[in-house]
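All remarks here apply to the structure that follows.
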Amino acid sequence: MSTATSTDTSTATSTYPLSFALTPSTDARAEAERDEILADPGFGKHFTDHMVTIDWTVDQGWHDARVTPYGPLQLDPASSVLHYGQEIFEGLKAYRHADGSIWTFRPEKNAERMQRSAARLALPQLSVEDFVQSIKQMIAVDGDWVPSAPETSLYLRPFMIANESFLGVRAAHRVGYYVIASPAGAYFADGVAPVKIWLSTDYSRAGRGGTGAAKCGGNYAASLLPQMQAYDNGCAQVLFLDGETGTHIDELGGMNVFFVHGTDTLVTPRLTGSILEGVTRDSIMQLARDRGMTVEEREVTVDEWRDGIASGEITEVFACGTAAVVTPIGQLKGKGFEIGEADAPAGAITLALRQELTDIQYGRLPDRHGWLTRLDA
Ligand SMILES: *Cc1c(COP(=O)(O)O)cnc(C)c1O
């Protein structure tokens with residue numbers, strides 16, 4: 001039994017492995033319908049037949065873990081998440097290997113990050129073991145939804161919401177953890193193409209002491225208006241500067257950013273507390289070190305970007321995250337300036353790192369760092 005209270009959520013970790021009750025769906029999609037969806041899944045549009053739910057209360061801790069048919073949540077209109085945004089989420093993928101087996105990538109990293117996000121949002125922490133188990137439970141019922149075409153996957157979305165019916169402002173005493181899953185097509189169906197990104201100087205996504213390092217919906221809500229400005233300026237994504245000085249680079253709305261200097265140095269903004277610590281970011285740094293590259297985590301200013309492109313010192317720029325893996329950045333646009341060539345081809349190091357990472361994820365290269373966890377056995 002958890003001894004957690006609303007003021008000490010750090011102790012609210014379940015202390016035993018939960019067991020999951022299964023209620024199979026009675027109207028699961030037929031194989032033909034599923035195959036039709038998996039032939040062209042897009043991203044985030046279709047969901048599998050089941051979902052995971054685990055309840056948490058101050059008195060009981062985590063309890064009532066279950067797999068049920070996918071369907072709407074019933075929330076009281078006073079549910080606190082709807083008013084104060086106490087919510088966090090995660091994103092990871094299940095990959096089908098050539099032999100049909102199903103694997104995921106560094107899930108304990110996502111579990112630990114969700115614990116850190118929970119701590120910041122005053123939500124209870126789910127143990128790493130229960131997090132990984134919740135993913136395995138999804139695959140046990142909906143493993144057939146993991147597509148097998150190249151570069152496709154089943155995107156897994158764990159999330160946690162405050163669902164106490166109470167309008168007072170404090171950490172909720174009732175919380176729900178859920179996992180839903182959505183088949184994902186190849187992000188770059190026509191080859192990995194560089195994107196233009198928009199530098200937001202009007203808005204920040206995070207400030208000092210804020211929630212920038214937590215994976216929470218509120219950060220995304222704050223990024224949507226600048227994201228619209230990016231679209232209006234012909235850009236695919238928005239890049240944010242640090243909230244304090246507005247001079248150095250934090251990250252994109254949902255991806256971390258890297259710079260290749262020459263042929264042997266990789267530079268990325270250091271974790272300042274307002275940057276989300278990406279699992280892809282960490283993995284790319286490891287793969288770069290394995291290649292003998294020097295990896296620097298430090299401040300990067302917009303001026304350094306501009307001067308580095310002009311002098312040829314910066315040879316490649318890319319963004320990374322679970323959904324798109326690695327996205328080359330051709331051009332940075334802002335009010336009254338452009339840095340880089342919009343139609344420049346993707347860089348060789350960018351493409352090589354992307355290839356190596358996906359080769360490991362899909363079992364085409366040996367898993368030399370022990371990053372993969374089998375989900376279907
Ligand atoms: C999820 C996320 C990332 C990327 O993290 P990965 O673990 O690599 O998927 C980067 N920035 C933000 C703001 C994010 O929410």
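Small disclaimer: the values here were computed from a predicted structure and weren't measured. Counting starts at 1 for both ligands and their atoms, following the listed order.
Contact atoms of ligand 1 toward Gly278: 5 (O), 6 (P), 7 (O), 8 (O) (distance under 4.0 Å to a heavy atom of the residue). Taking every heavy atom of Thr322 and a limit of under 4.0 angstrom, the matching atoms of ligand 1 come to 6 (P), 7 (O), 8 (O), 9 (O). Close contacts between ligand 1 and Tyr220 involve ligand atoms 2 (C), 12 (C), 13 (C), 14 (C), 15 (O) [criterion: under 4.0 Å to a heavy atom]. Of all the atoms in ligand 1, the ones that sit under 4.0 Å from a non-hydrogen atom of Asn256 are 10 (C). Close contacts between ligand 1 and Glu251 involve ligand atoms 10 (C), 11 (N), 12 (C), 13 (C) [criterion: under 4.0 Å to a heavy atom].
Contact annotation: Arg113 has at least one heavy atom less than 4.0 Å from an atom of ligand 1. Ligand 1 has no atom lying under 4.0 Å from any heavy atom of Gly91. Ligand 1 lies within reach of Arg205, whose nearest heavy atom is under 4.0 Å from it. Put simply, part of Gly253 is less than 4.0 Å from ligand 1, judged by heavy atoms.
Gly243 approaches Ser204 most closely through the heavy-atom pair CA-OG, 3.6 Å.
Checked by atom type and distance alone, the side chain of Thr104 pairs as donor or acceptor with a backbone atom of Lys93 at under 3.5 Å. Remark: the backbone N or O of Leu92 is not paired with any side-chain donor or acceptor of Thr322 at under 3.5 angstrom.
Comparing heavy-atom distances from atom 10 (C) of ligand 1 across Gly321, Gly254, Ser223 singles out Gly254 as nearest. Counting heavy atoms only, Lys215 comes closest to atom 2 (C) of ligand 1 of the residues Arg281, Met255, Lys215.
No hydrogens or angles considered: nothing links the side chains of Glu164 and Ser80 as a donor-acceptor pair under 3.5 Å. Between Asn233 and Gln229, the side chains place no donor N or O within less than 3.5 Å of an acceptor N or O (distance only, hydrogens not considered). Side chains of Asp99 and Ser101: a donor-acceptor N/O pair is present below 3.5 angstrom, by distance only.
In this structure, Arg96 fails the cation-pi test against Tyr362, since its NZ or CZ atom is not both closer than 6.0 Å to the six-membered ring centre and inside 45 degrees of the ring normal.
Each of Tyr178, Phe159, Tyr220 was scored for a ring pair (Phe, Tyr, Trp, His ring centres under 6.0 Å) with Phe89, with one residue passing: Tyr220. Each of Arg66, His63, Arg174 was scored for a side chain to side chain donor-acceptor pair (under 3.5 Å) with Asp55, with one residue passing: Arg66.
Checked against a 3.5 angstrom limit, the closest N/O atoms of Val279 and ligand 1 fall inside it. Considering both main-chain and side-chain atoms, Thr280 comes within under 3.5 Å of ligand 1 through a nitrogen or oxygen pair. Taking only nitrogen or oxygen atoms, main chain and side chain alike, Asn110 does not reach within less than 3.5 Å of ligand 1.
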